[in-house]
K.L.:
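Starting off with a structure, shown below.
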Amino acid sequence: MPELPEVETVRRGLQQSVVGRKVLKVEVGRERTVRRTSREALIDGLTGVKIISATRRGKYLLCDLDSGQKLMMHLRMSGRLIIADPGAARPPHTHVVMHLANAETIESELWFVDPRTFGEVVVFDPDKLKTQMPDLAKLGVDPLTDEFTPEILRELFKKRRGNLKALLLNQHFVAGIGNIYADEILHLAKLRPDRLPDRLNNATLTRLHSAIVEVLNNAVAAGGSTLKDTQYVDLEGQTGSFQDEHRVYGRGGLPCLSCGKGRILMTIVAGRTTCYCSACQH
DNA sequence: AACTGTCCCTGCAAGC
DNA sequence: TGCTTGCAGGGACAGT
């Protein structure tokens with residue numbers, strides 16, 4: 001399921017294959033995907049418009065349009081963006097299709113495919129960010145920007161009461177971490193997911209900060225994680241390889257790859273399946 | 001204000 | 001084999 005590294009991989013694909021292209025035509029299949037506005041609003045907002053950038057905030061993909069509006073795409077649980085040849089056979093659950101052109105002839109199609117339909121696509125007015133996109137406006141710091149420092153992390157911890165796993169999953173706190181990377185980060189930082197943040201000393205806080213940056217950067221470098229039960233692929237249909245580097249996620253009951261002493265426990269923390277080492281995480 | 005639990009939806013796997 | 005059940009999970013929302 002797409003978290004920051006997968007979304008960043010998709011963003012890089014958009015940069016390559018979509019930025020600079022003009023949208024000549026838009027098809028919206030299932031209306032649920034455009035539920036924030038409407039089928040008409042998406043078609044009106046994109047038709048004849050050029051895509052001039054591809055950026056990311058947490059798990060949100062954002063494109064500047066030459067109309068002055070912005071395109072937001074969120075993959076949520078099962079969304080995929082695929083670049084395809086015009087007229088190519090579409091997979092089931094292809095809910096939005098944008099026909100893209102370099103000049104005046106259509107040269108590719110961008111498909112938004114999403115079996116579980118949690119994902120969404122919307123064109124919005126950046127001046128109305130707070131009212132139209134309150135979730136986006138409230139996002140916390142993106143951990144792959146210079147803004148994200150151990151000091152910021154310390155400040156954020158001051159006003160929080162939940163456990164470390166809940167905090168990492170909270171998008172208002174740090175944006176982009178989901179269940180897989182929360183577990184991997186806490187394991188690398190040697191911290192128990194149910195531990196409370198109030199008594200972390202500076203060294204521990206720095207360790208957690210480094211683990212967040214390291215795990216996410218390594219996962220981006222590997223093109224994200226493709227799991228057995230998900231169909232995450234990048235824009236070109238390629239799988240990621242970070243799943244081969246997972247040390248705790250999906251390894252419940254197996255020995256710890258890091259300390260060799262503990263076994264990986266699988267429990268529920270913050271309402272989510274959580275894997276951590278019984279020996280090396282404190 | 002900040003936290004917890006429930007819901008949305010589909011595909012897949014396990015169990016009968 | 002073929003059904004049912006449970007699980008996966010990001011974020012909105014309601015309730016505390």
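A, B, ... follow the sequence lines: proteins, then strands. Residue 1 opens every chain.
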K.L.:
Please check if the side chain of E109(A) supplies one atom and the backbone of L100(A) the other of a donor-acceptor pair under 3.5 Å.
P.N.:
no
K.L.:
In whole angstrom, give the distance that lies between atom CG of L167(A) and atom C1' of dT4(B).
P.N.:
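From L167(A) CG to dT4(B) C1': 14 Å.
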K.L.:
Just by distance, no angles: are the side chains of H246(A) and S225(A) close enough, under 3.5 Å, to form a donor-acceptor pair?
P.N.:
yes
K.L.:
Report yes if at least one side-chain N or O of H93(A) is closer than 4.0 Å to OP1 or OP2 of dC9(B); otherwise report no.
P.N.:
no
K.L.:
Do the side chain of D142(A) and the main chain of G58(A) share a donor and acceptor less than 3.5 angstrom apart?
P.N.:
yes
K.L.:
Pairs under 3.5 angstrom only: tabulate donor-acceptor contacts from the side chains of residues 170-179 of chain A to other protein residues two or more places apart or in another chain.
P.N.:
residue	atom	partner	partner atom	Å
N170(A)	OD1	H172(A)	N	2.9
Q171(A)	OE1	G176(A)	N	2.8
Q171(A)	NE2	L169(A)	O	3.0
Q171(A)	NE2	I177(A)	O	3.0
N179(A)	OD1	K165(A)	NZ	2.6
N179(A)	ND2	T273(A)	O	3.0

K.L.:
I need the CG-P distance between L164(A) and dC3(B), as an integer number of Å.
P.N.:
12 Å
K.L.:
Is the backbone of L61(A) close enough, under 3.5 Å, to the side chain of R56(A) for a donor and an acceptor to pair up by distance?
P.N.:
no
K.L.:
Using only heavy-atom distances, determine whether the side chains of R247(A) and S258(A) contain a donor-acceptor pair under 3.5 Å.
P.N.:
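The answer is yes; a qualifying pair exists.
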K.L.:
When all nucleic acid strands are considered with a 4.0 Å heavy-atom cut-off, which category describes G271(A): base, sugar-phosphate, or nothing?
P.N.:
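Nothing: the residue G271(A), judged by heavy atoms under 4.0 Å, touches no strand.
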K.L.:
Starting at atom CG of D194(A), determine the distance to atom C1' of dT4(B), rounded to an integer number of angstrom.
P.N.:
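From D194(A) CG to dT4(B) C1': 16 Å.
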K.L.:
For L156(A) and dA1(B), give me the distance from atom CG to atom P, rounded to whole Å.
P.N.:
17 Å
K.L.:
Could you run down nucleotides 9-16 of chain C 5' to 3' and tag each one B, S or - for protein heavy-atom contact under 4.0 Å?
P.N.:
BBBS----
